[in-house]
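Note that the structure is a prediction, hence the values are computed from the model and not measured.
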Amino acid sequence: MRRKSVAVLDIRSSELTAVVGERGVNNTFIIKSKYTCTFDGYAEGKLLDEDGFVCAVKDVVKSTLTAAGKIKSFYVGIPGEFIKVVNTDKVIGFQSVKKITRADCDYLAGMSAPKDTAEYQTIRHSCLYYVLSDKRKIINPVGVLSDSLQGKFCFYRCKNEFVNILLRAFREFSAVEEINLIPTVYAEAVYLVPPEQRDEYAVLFDLGYISSDYSVVCGNGLAFSESFSVGIGHIAVYLMTELDVPFDVASSFLSMVNLNAKETYGAFAECTYEGKTYKFAMSVLRDKIREGLDGICETMEECRQSFTGRILDGKPVNITGEGVNAIRGTVEHISNRLVKNVEIISPAVPYYDKPQFSSLLSLLNTALEDA
């Protein structure tokens, strides 16, 4: 029996990656091709360089088509910066007790859907949970007896401006007949967070390079999601400004520092760049990096306070993304600063069991389920 393959494009805030993959044994994946290209990224819901982004997309798609042969459809992950999550709560009643059907669920979703506008279009929807007439909450009501059905839905609305730019990048590839859009925040939530955690409310934080996402996961959807244009890259910019060093030097210092290391008098970090040597005390670098991380923690706390649906004080923060391992001790510092249990979450797949691969494999998982 031939395995089903899909082509996926993962758009992060500093690079994008295209893969062709298929399902392996025990819910693992077989990656048949993988191409990555850097670009200037995005912030505040805007691409920093539209033409550069288009070129980067063309680069990885062309490489993918060359290596994999005929590909009729591409699944594209839409970053949280270009997604607006809209929650609705609707109920329908029946004349008498009946078995709930899939058509009933679809009808309820249809009457709950927000209308597309000139600015946004709905690219996907999911249901957090359903409520039956006896007040029971259930994830899948099909076949269950009830005389009413209430649904707490989540609609993922994508910026049309971003979709149009994306389609412009694919325009020259006539072999690709279909572009399927997947909200990355949704894909990560349902793939990374175990169902038993999603039955209640769970917090998922994707720490990126330029942009990060804070989401509250419930059932098969998101009860809340907020993206903000702050990430590990901004800490490098902060170091660059505070220490008056080139950006590449500041980035190198990030990987040299361990926030958990004991303070050692006279310890220095040194970096040579373009023939010039830059040297700073480790204590100075740690203090500056902690200040940068404190800014991220403050934004996370603002997101927590913005979600009013349920008290999250006792919930751990599941953290993922390429920013997690960029600076040693990041997770511990965030945990101490927020006074919360912070747990690293990543794909349970050999070699790809690292936070930087979370969005890619989450999208691949969703694409394979959709195909």
Is [Y] reachable from [X] through a run of I, L, V, M, F, W or Y residues, each pair having side-chain heavy atoms under 4.5 Å apart?
| X | Y | result |
| --- | --- | --- |
| Leu149 | Met111 | yes |
| Val131 | Val97 | no |
| Tyr238 | Val249 | no |
| Tyr201 | Leu222 | no |

Working note: Tyr35 + Thr17, criterion side-chain contact (heavy atoms from CB on, under 4.5 Å); need CA distance, chi angles, decisive distance, verdict. CA-CA 6 Å; Tyr35 298 95; Thr17 301; over 6 Å; no
_Steps toward side-chain contact (heavy atoms from CB on, under 4.5 Å) verdict (Val349, Leu361)_ = CA-CA 9 Å; Val349 178; Leu361 291 202; 4.0 Å; yes
Looking at [X] and [Y], would you say the former's side chain and the latter's main chain have a donor-acceptor pair under 3.5 Å?
| X | Y | answer |
| --- | --- | --- |
| Ser63 | Asp59 | yes |
| His234 | Gly231 | yes |
| Arg198 | Val193 | yes |
| Thr366 | Leu363 | no |
| Ser13 | Ile210 | yes |

Using the six-membered ring of Tyr120, assess whether NZ or CZ of Lys84 lies under 6.0 Å from its centre and within 45 degrees of the ring axis.
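Yes.
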Exercise for review: May I ask you to check if Lys354 and Phe357 form a cation-pi contact, with NZ or CZ under 6.0 angstrom from the six-membered ring centre and within 45° of the axis?
Suggested key: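 Relative to the ring axis of Phe357, which defines the angle, Lys354 lies outside at least one limit.
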One thing to verify: whether [Y] and [X] come together as a salt bridge, which I'm taking to mean a side-chain N less than 4.0 angstrom from a carboxylate O.
| X | Y | answer |
| --- | --- | --- |
| Lys99 | Asp104 | no |
| Lys72 | Glu178 | no |
| Lys62 | Glu172 | no |
| Lys137 | Asp199 | no |
| Asp370 | Arg124 | yes |
| Arg304 | Glu301 | yes |
| Glu81 | Lys159 | no |
| Lys4 | Glu22 | no |

Atom pair [atom1]/[atom2] of [X] and [Y] - distance to nearest 0.5 Å:
| X | Y | atom1 | atom2 | value |
| --- | --- | --- | --- | --- |
| Ile327 | Arg286 | CD1 | CZ | 12.5 Å |
| Ser146 | Asp134 | OG | CG | 6.5 Å |
| Leu181 | Leu167 | CG | CG | 7.5 Å |
| Ser5 | Ile30 | OG | CD1 | 8.5 Å |
| Cys158 | Tyr156 | SG | OH | 13.5 Å |
| Glu161 | Phe82 | CD | CZ | 8.5 Å |

**Asked** Phe162 and Tyr42: ring-ring contact (aromatic ring centres under 6.0 Å, His included), yes or no, with the steps?
**Response** CA-CA 11 Å; Phe162 182 74; Tyr42 45 79; 7.4 Å; no
Please evaluate residues Lys98 and Asp147 with respect to the criterion salt bridge (charged side-chain N to carboxylate O under 4.0 Å, His left out), reporting the C-alpha separation (whole Å), side-chain torsions for both, the decisive distance (0.1 Å), and the verdict. CA-CA 6 Å; Lys98 57 164 283 187; Asp147 60 11; over 6 Å; no
Between [Y] and [X], is there a side-chain heavy-atom distance shorter than 4.5 Å?
| X | Y | value |
| --- | --- | --- |
| Ser148 | Ile92 | no |
| Val203 | Val217 | no |
| Phe224 | Ser215 | no |
| Phe53 | Asp40 | no |
| Phe228 | Glu302 | no |
| Leu243 | Leu285 | yes |
| Asn87 | Phe155 | no |
| Asn27 | Asn365 | no |

query: Stepwise, does the side-chain contact (heavy atoms from CB on, under 4.5 Å) test hold for Asn220 with Leu128?
result: CA-CA 5 Å; Asn220 287 326; Leu128 279 64; over 6 Å; no
message: For a salt bridge (charged side-chain N to carboxylate O under 4.0 Å, His left out) check, start with the C-alpha distance between Lys34 and Asp10, then their side-chain angles and the critical distance, and finish with the verdict.
response: CA-CA 11 Å; Lys34 179 173 176 284; Asp10 179 26; over 6 Å; no
Please name all residues satisfying salt bridge (Lys or Arg N to Asp or Glu O under 4.0 Å) with Arg23, sequence neighbours left out, ordered by chain then number.
->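 Here no residue qualifies.
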Got a sec, which residues hit salt bridge (Lys or Arg N to Asp or Glu O under 4.0 Å) with Glu119, two or more places apart in sequence or on another chain?
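By the salt bridge (Lys or Arg N to Asp or Glu O under 4.0 Å) rule, Glu119 matches no residue at all.
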If you look only at distance, which donor and acceptor atoms sit under 3.5 Å apart when one is on a side chain in residues 268-279 and the other is two or more places apart or in another chain?
unit_1: Thr272; atom_1: OG1; unit_2: Thr277; atom_2: OG1; d: 3.2
unit_1: Tyr273; atom_1: OH; unit_2: Asp248; atom_2: OD2; d: 3.1

With ring centroids as reference points, do Phe170 and Phe74 lie under 6.0 angstrom apart?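 Close enough - the centres of the two rings lie under 6.0 Å apart.
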Checking side-chain contact (heavy atoms from CB on, under 4.5 Å) between Phe39 and each of Ile11, Val57, Leu48, which is the one that passes?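 That would be Ile11; it is the only one of Ile11, Val57, Leu48 passing the side-chain contact (heavy atoms from CB on, under 4.5 Å) with Phe39.
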Gln121-Asn160 side chain donor-acceptor pair, cut-off 3.5 Å: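 Present: a donor and an acceptor within the cut-off.
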Do Tyr130 and Gln150 have a side chain donor and acceptor closer than 3.5 Å?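 No, because no side-chain N or O of Tyr130 sits under 3.5 Å from a partner of the opposite role on Gln150.
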- request: Could you check whether the rings of Phe205 and Tyr214 sit parallel, tilted or perpendicular, using 30° and 60° as the cut-offs?
  value: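 Rings of Phe205 and Tyr214: tilted, as their planes differ by 30° to 60°.
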If you apply the rule side-chain contact (heavy atoms from CB on, under 4.5 Å), what do you find for Met300 with Leu338, and how did you get there? CA-CA 9 Å; Met300 292 174 66; Leu338 296 178; 3.7 Å; yes
Applying side chain to side chain donor-acceptor pair (under 3.5 Å) between Thr320 and each of Ser346, Ser358, Ser359, report the one that passes.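 Going through Ser346, Ser358, Ser359 one by one, the side chain to side chain donor-acceptor pair (under 3.5 Å) with Thr320 is satisfied by Ser358 alone.
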